[in-house]
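Shown next, in structure tokens, is the structure this report addresses.
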Amino acid sequence: MLCLCAWVTLSLTPCFAHHMAVVVNKDNVVQNFTSARLTKIFKGEEKKWPDGKNVVLVLHSSSPGEMATLERLIKMSEAEVKALLAAHKDSIRIVGSDADVIDAVTSTPGAIGFVEEHSITDRVSVVKVDGKLPMEEGYLPH
């Protein structure tokens with residue numbers, strides 16, 4: 001019986017290891033994206049915010065969760081995502097950690113990045129994707 005309870009608990013408990021959240025600078029007027037618009041931003045097809053500021057992507061130098069999210073979001077393989085990012089390196093800042101993403105987004109008008117859900121602070125705004133917040137079903141592909 002104890003094994004059955006443990007199995008049920010583990011089976012029904014979601015894995016939060018790579019739930020990413022989209023964060024923007026607090027001054028950003030955009031607080032809700034469709035998946036399609038977010039895809040255009042990360043593909044470099046949309047380069048300006050409605051207020052005219054340049055979009056600056058803030059990405060990790062190495063984050064399996066971020067890469068998996070980008071692959072699913074923009075429907076490309078890892079190699080294709082890396083090639084796309086290399087082609088748009090002038091509008092991308094590469095940092096080492098979630099804390100660095102928060103720092104860069106906070107200090108850079110027009111910045112947008114991914115952090116793991118547990119790293120969110122009040123220094124940035126978390127944007128809704130398709131009307132949902134992180135950890136809600138359908139927020140981001142993961």
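No experiment lies behind these values; they were computed from the predicted model shown. The analysis underlying the following values was restricted to heavy atoms, covering all of them including side chains, and did not include hydrogens, waters or symmetry mates.
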**OP:** Answer whether the closest heavy-atom distance between the side chains of K48 and N54 falls below 4.5 Å.
**Re:** yes
**OP:** Give a yes or no answer on whether the side chain of E66 reaches the backbone of S63 with a donor-acceptor pair at less than 3.5 Å.
**Re:** no
**OP:** Decide yes or no for L57 and I112: does some side-chain heavy atom of the first lie under 4.5 Å from some side-chain heavy atom of the second?
**Re:** yes
Original post:
What is the minimum heavy-atom distance between E136 and G131, and which atoms define it?
Top reply: OE1-O, 4.3 Å
Subject >> Validation row: R37, E46 side chains within 4.5 angstrom (heavy atoms) >> reply: yes
**OP:** List for me each residue that meets side chain to side chain contact (heavy atoms under 4.5 Å, CB included) alongside I120, sequence neighbours excluded, and say none if there are none.
**Re:** A21, V115, E117, V126, P134
Original post:
Going through the distances and angles, do D100 and H60 end up as a side-chain hydrogen bond (donor to acceptor under 3.5 Å, both in side chains)?
Top reply: CA-CA 9 Å; D100 295 335; H60 295 82; over 6 Å; no
Only distances under 3.5 Å count here; give the side-chain donor-acceptor pairs of residues 38-45 to other protein atoms, sequence neighbours excluded, each with its distance to 0.1 Å.
residue, atom, partner, partner atom, Å
T39, OG1, S35, O, 2.9
T39, OG1, L73, O, 3.2

Original post:
Less than 4.5 Å apart, any side-chain heavy atom of E116 and any of M20?
Top reply: yes
**OP:** Please tell me if the side chains of V56 and I92 come closer than 4.5 Å, counting only heavy atoms from C-beta onward.
**Re:** no
Original post:
Within a strict 4.5 Å, meaning less than it, do heavy atoms of the V24 and Q31 side chains meet?
Top reply: yes
Subject >> Sidechain N-carboxylate O distance under 4.0 Å for E137, K132 >> reply: no
Original post:
Heavy atoms, side chains only, cut-off 4.5 Å: are V127 and V30 in contact?
Top reply: no
Subject >> Verdict with supporting geometry, D103 and T106, side-chain hydrogen bond (donor to acceptor under 3.5 Å, both in side chains) >> reply: CA-CA 5 Å; D103 288 343; T106 299; 5.7 Å; no
Original post:
Do L140 and F114 touch side chain to side chain, with heavy atoms closer than 4.5 Å?
Top reply: yes
**OP:** Would you mind listing every ring-ring contact (aromatic ring centres under 6.0 Å, His included) that reaches into residues 61-112, with sequence neighbours excluded?
**Re:** none
